[in-house]
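Numbering of ligands and ligand atoms starts at 1, following listing order.
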Amino acid sequence: MAKQKTIITCAVTGAIHTPTMSDHLPATHNAIAEHAIAAADAGAAILHLHTRDPEDGRPSVDPDHYSGILSRVKQSTDAVLNITTGGAPTMRIEERIQAALRFSPEMCSLNMGSMNFAFHLLADRYDTWKHDWEKDYIAGSEANIFRNTFADIKQAATALAPHNVKFEHECYDVGHLYNLKHCMEIGLFKAPIFLQFVFGVLGGIGAEVDNLIFMKRTADRLFGTDYRWSVLGAGAAQMPLATTASQMGGNVRVGLEDSLFISRGQLAKNNAQQVTKIRRIIEDLGCEVATPDEAREMLDLKGGDKVAF
Ligand code: KMH
Ligand code: ZN
């Protein structure tokens with residue numbers, strides 16, 4: 001049997017890192033679009049997109065802050081565009097789903113449980129900040145509850161059902177797999193589902209290979225063969241866990257949302273650099289990366305001609 005190709009997702013900017021942390025973090029709409037296009041050119045089949053306020057780079061879910069990015073990336077690449085419904089851990093589900101409702105993308109993220117979601121330890125690394133909002137946003141995450149109740153998940157799934165989007169189910173701990181199983185049993189999601197195992201967020205499961213094997217084994221038990229999976233390791237775990245996942249037959253996610261670095265102590269210059277690195281590792285180890293159309297087939301997506309941007 002032919003080996004499955006590996007889908008690379010690139011998460012371009014996210015809502016955890018702030019402009020002070022790296023000059024290379026894309027924080028304007030122009031930069032987000034340029035990074036996304038270059039990441040697709042480097043081999044990312046899926047682009048996981050957040051947006052930011054163009055005034056000061058703070059995380060935003062305002063649909064108006066997406067429109068220019070989406071149309072520009074669509075004109076320049078064939079990549080699958082995936083709009084976050086996670087937004088930032090401080091935002092409520094009502095606002096987090098508005099961009100997906102307006103633009104009806106092929107994919108959206110969907111977070112599968114409520115949790116602590118903290119990155120306050122990063123605040124100690126910086127003495128001066130580029131923008132006023134950053135320090136409180138980062139330090140205040142010690143008190144974050146990232147709310148994704150069953151009612152929230154149902155609200156997102158129901159509102160987006162007419163759009164036929166495929167969800168990137170973000171699972172930060174083993175309980176989130178059981179949450180997803182419950183949601184499937186009540187008819188919210190249809191197979192094949194796409195799981196994103198998230199490791200190393202403070203509040204979720206740790207970034208260890210044992211945990212990856214445990215998550216995968218649990219998913220096998222709960223979902224049989226009718227699921228696809230990918231791995232995201234936060235920070236220093238990004239490349240090691242992506243490499244392990246690709247060798248286990250999984251897919252991978254990289255990007256400056258998840259790590260600002262290209263190697264120990266060295267900031268990545270852009271998203272494409274991380275995509276190029278994981279692509280090289282995957283290919284050196286004997287696998288092939290999936291094109292956007294191959295990813296569409298593997299994940300049973302509706303197609304790039306059925307979006308509203
Ligand atoms: N920032 C990642 C750890 C989302 O956008 O829905 C998780 C994430 C959430 O990507
Ligand atoms: Zn995200």
*Considering only N, O or S atoms, which atom of Glu257 is nearest to the Zn ion (ligand 2)?*
OE2
*asked:* Strictly below 4.0 Å, N to O, side chains only: are Arg102 and Asp64 in salt-bridge contact?
replied: yes
*Could I get the full list of salt bridge (charged side-chain N to carboxylate O under 4.0 Å, His left out) partners for Asp220, not counting sequence neighbours?*
Lys216
_Thr20: side chain to side chain donor-acceptor pair (under 3.5 Å) partners, not counting sequence neighbours_ = Glu134
*Residue among Gln274, Gln196, Glu168 satisfying side chain to side chain donor-acceptor pair (under 3.5 Å) with Arg253*: Glu168
*Can you give the angle His48 NE2 - the Zn ion (ligand 2) - His50 NE2, rounded to 10°?*
100°
*Under 3.5 Å, is there a donor-acceptor pair between the Arg96 and Thr84 side chains?*
no
Between ligand 1 and the protein, tabulate every N or O atom pair separated by less than 3.5 Å, reporting distance only.
from: ligand 1; atom 1: 1 (N); to: Glu257; atom 2: OE2; distance (Å): 2.7
from: ligand 1; atom 1: 5 (O); to: His48; atom 2: NE2; distance (Å): 3.1
from: ligand 1; atom 1: 5 (O); to: His50; atom 2: NE2; distance (Å): 2.9
from: ligand 1; atom 1: 5 (O); to: Thr84; atom 2: OG1; distance (Å): 2.6
from: ligand 1; atom 1: 6 (O); to: Thr84; atom 2: OG1; distance (Å): 3.3
from: ligand 1; atom 1: 6 (O); to: Gly86; atom 2: N; distance (Å): 3.3
from: ligand 1; atom 1: 6 (O); to: Ser109; atom 2: OG; distance (Å): 2.7
from: ligand 1; atom 1: 6 (O); to: Asn111; atom 2: ND2; distance (Å): 2.9
from: ligand 1; atom 1: 10 (O); to: His48; atom 2: NE2; distance (Å): 3.2
from: ligand 1; atom 1: 10 (O); to: Glu170; atom 2: OE2; distance (Å): 3.4
from: ligand 1; atom 1: 10 (O); to: Arg253; atom 2: NH1; distance (Å): 3.3
from: ligand 1; atom 1: 10 (O); to: Arg253; atom 2: NH2; distance (Å): 2.9
from: ligand 1; atom 1: 10 (O); to: Glu257; atom 2: OE2; distance (Å): 2.7

*Between His29 and His65, what is the ring plane arrangement, given parallel below 30°, perpendicular above 60°, and tilted in between?*
tilted
*His35: partners by ring-ring contact (aromatic ring centres under 6.0 Å, His included), with sequence neighbours left out*: none
